[in-house]
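What follows is one structure encoded as structure tokens, with my remarks underneath.
Any value given below was found using the heavy atoms of this structure, including those in side chains, with hydrogens, waters and symmetry copies removed. Throughout, a chain's letter reflects where its sequence line sits, starting with A, and its residues are numbered from 1. The shown structure was predicted, so the numbers you read here are calculated from the model rather than taken from an experiment.
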Amino acid sequence: MRTVTRRNAGRLEAQDGTQNGAIEPAWAGTPVRPSAHRRLASHRLAAIGRSRWFVVAAGLVAVLSGTALVLAMWSSSATEAGGVITTGELKAIAGTFEWAETTPDVASTARQSGTDTASLAQFHAMPGDSLEIRQGVEVKGSGENLRFDVEASWSGGSNAAISPLEAEYVVTNSAGQILAGGPSGVSLGTPVQIEGLTEGQHELFVVVTLTYPASSDLVYQASAGSSSQVASLPVLNFAAQQVRETS
Amino acid sequence: MKSSKIGRWVVAAGLALVTLAGSAGAAWALWRSEISVSGASVGVGQVYVSLIRLTPVVRESVADAVTPATLSVTSTDAVAVSTSSDGLAIPFRVDVKGDGHTGVDYSLELPNAVPGTVAEVSLFYLFPDTGTCSAVSVPGNAFIARPGQKIGPFLGQAPDTSTNSASGTKWCLVMRLDPAALGEFSNTATATATGPGGTTVTAQDQWWAKLPPYNPAANPPFDLVLEPLFTRSSTPARPAPSVT
């Protein structure tokens with residue numbers, strides 16, 4: 001709730017739209033009548049010369065008092081329910097995660113896939129294999145005359161961090177259209193930026209393509225058992241920044 | 001007085017810049033939101049190839065694509081082969097693993113033997129060890145090979161992603177002297193005598209032997225070499241194993 005006070009000359013409307021009608025003025029001037037003092041002074045006017053200035057001053061007071069009536073102010077107040085001031089918002093949240101094998105020499109029915117990082121860690125990439133990892137990011141921005149930019153970057157590593165695998169990535173929209181990094185992708189660790197997204201909600205995907213070159217040497221284990229070597233992707237940082245759009 | 005004029009100019013210039021920025025397409029940040037996504041990692045597949053002699057236990061694992069795993073027939077083995085008509089039985093196991101879509105086939109190769117050694121004059125019988133590896137009971141369908149020949153290919157592990165642990169196959173290798181390759185020695189003795197009645201008596205005997213032309217105790221090692229072949233599902237179908 002907030003109180004709104006409005007001063008008008010002669011009439012007051014409450015903020016909630018109802019008319020108060022003729023509200024009694026908070027203060028209203030009363031016409032000044034000639035006083036007894038004034039009548040007595042007129043009889044002595046000829047005898048007392050400096051009394052003329054007093055009469056002039058009294059007349060000015062009377063004129064000024066009349067003017068004050070014209071400038072009378074109205075004051076009132078009304079209370080209304082507080083409105084929400086929308087100043088815009090920006091959110092970026094991690095969306096779905098999925099991965100799928102794209103190894104060319106493996107039949108599509110034999111390719112592996114998953115929807116969580118645990119299943120991806122269980123996949124054992126061998127020379128000749130390739131994978132596609134999709135990390136969804138939902139970005140929502142609102143506000144007048146606003147647009148927003150997004151940037152995908154990686155901290156703590158690059159392609160060297162996932163050796164012997166190689167990686168490239170792009171940022172796409174939900175329709176698969178490449179918005180940044182295309183057409184062939186950029187190396188892991190290289191930041192990309194998408195500028196000028198319009199207001200609203202956008203579902204973006206950071207699509208990482210992992211490749212284990214077929215020409216790579218096999219990694220031999222010294223003893224039997226499960227493989228312990230893993231290639232960890234660097235941390236994906238996704239930043240959305242809303243900017244004032246001017247023309 | 002002078003400083004107050006300068007102050008006015010600074011204020012005016014600032015206002016002008018703000019006005020220009022607002023009308024010339026400049027943009028400035030209002031809100032920023034960031035997220036970090038981590039934790040994704042991929043297993044890097046590996047291979048494992050090992051040849052293990054079971055009596056006595058000697059394991060040789062392949063460490064790279066250059067150095068093979070071998071099973072050595074020692075001078076002690078050479079002596080054992082030479083002193084038994086049945087030869088010597090050597091049980092061994094082949095362990096292989098290929099992660100992901102990589103499979104492993106393998107062959108067993110008998111290199112050319114050093115001349116004058118037991119290996120040179122031996123036959124090698126290879127058959128799956130179903131429980132008892134014995135030189136006495138060599139099955140009729142055993143692979144028979146000589147030095148310089150290769151036996152295989154055999155399936156070690158199929159190229160599928162269902163198995164990421166090693167698969168083992170036990171084999172029995174019987175090494176037996178090849179009679180055809182041994183040196184043959186024969187001797188015939190004839191004795192003739194005349195008896196008291198003037199009767200001539202003649203007796204004849206002979207013996208022969210095939211003797212290895214070597215000293216088994218001084219034989220250099222002879223290696224059975226495991227030769228892995230890594231496969232993918234796109235690899236052509238593996239032929240039936242044979243001796244080549």
Legend entry - Polar contact flag, side-chain donor to acceptor under 3.5 angstrom, B/Gln46-A/His124: no

Legend entry - Proximity breakdown for A/Leu131 and chain B, heavy-atom pairs closer than 4.5 Å: side chain

Legend entry - CG/A/Asp217: more than 12 non-hydrogen atoms of other groups inside 6.0 Å: no

Inset, instruction - Taking salt bridge (charged side-chain N to carboxylate O under 4.0 Å, His left out) as the test, write out the residues that go with A/Glu168, two or more places apart. - result: none

Inset, instruction - Please determine, among A/Asn237, A/Leu236, A/Val230, the option with the most heavy-atom pairs under 4.5 Å with chain B. - result: A/Leu236

Legend entry - Within 45° cone of B/Phe92 ring axis and under 6.0 Å: B/Arg53 NZ or CZ: no

Inset, instruction - Could you tell me which portion of B/Ala63 (side chain, backbone, both or neither) has an atom closer than 4.5 angstrom to a non-hydrogen atom of chain A? - result: backbone

Inset, instruction - Enter the distance from B/Leu177:CG to B/Leu88:CG here, rounded to the nearest 0.5 Å. - result: 10.5 Å

Legend entry - Part of residues 217-244 of chain B lying next to chain A, heavy-atom separation under 4.5 Å: B/Phe230, B/Arg232, B/Ser233, B/Ser234

Inset, instruction - Report yes or no: do A/Ser130 and A/Thr102 form a side-chain donor-acceptor pair below 3.5 Å? - result: yes

Legend entry - Heavy-atom pair count under 4.5 Å with chain A, highest-scoring of B/Gly168, B/Gly100, B/Ser61, B/Gly98: B/Gly100

Inset, instruction - Counting only heavy atoms closer than 4.5 Å, note whether B/Ser50 contacts chain A via side chain, backbone, both or neither. - result: neither

Inset, instruction - Output yes when B/Asp95 and B/Lys97 qualify as a salt bridge under the 4.0 Å nitrogen-oxygen rule, no when they do not. - result: no

Inset, instruction - Under 4.5 Å heavy-atom distance to chain B, tell me which part of A/Gln112 shows up: side chain, backbone, both or neither. - result: side chain

Inset, instruction - Please look at A/Ala240 and chain B and tell me whether the side chain, the backbone, both or neither of the residue comes under 4.5 angstrom of a heavy atom of that chain. - result: both

Legend entry - Short N-O contact, A/Lys140 and A/Glu138, less than 4.0 angstrom: no

Inset, instruction - Name the region of A/Ser153, side chain, backbone, both or neither, that has any atom closer than 4.5 Å to a heavy atom of chain B. - result: neither

Legend entry - Pi-cation contact, B/Tyr125 with B/Arg176 (under 6.0 Å, within 45°): yes

Inset, instruction - Identify which part of A/Pro164 has an atom lying under 4.5 Å from any heavy atom of chain B, answering side chain, backbone, both or neither. - result: side chain

Inset, instruction - Could you tell me whether B/Phe143 and B/Phe154 have their ring centroids closer than 6.0 angstrom? - result: yes

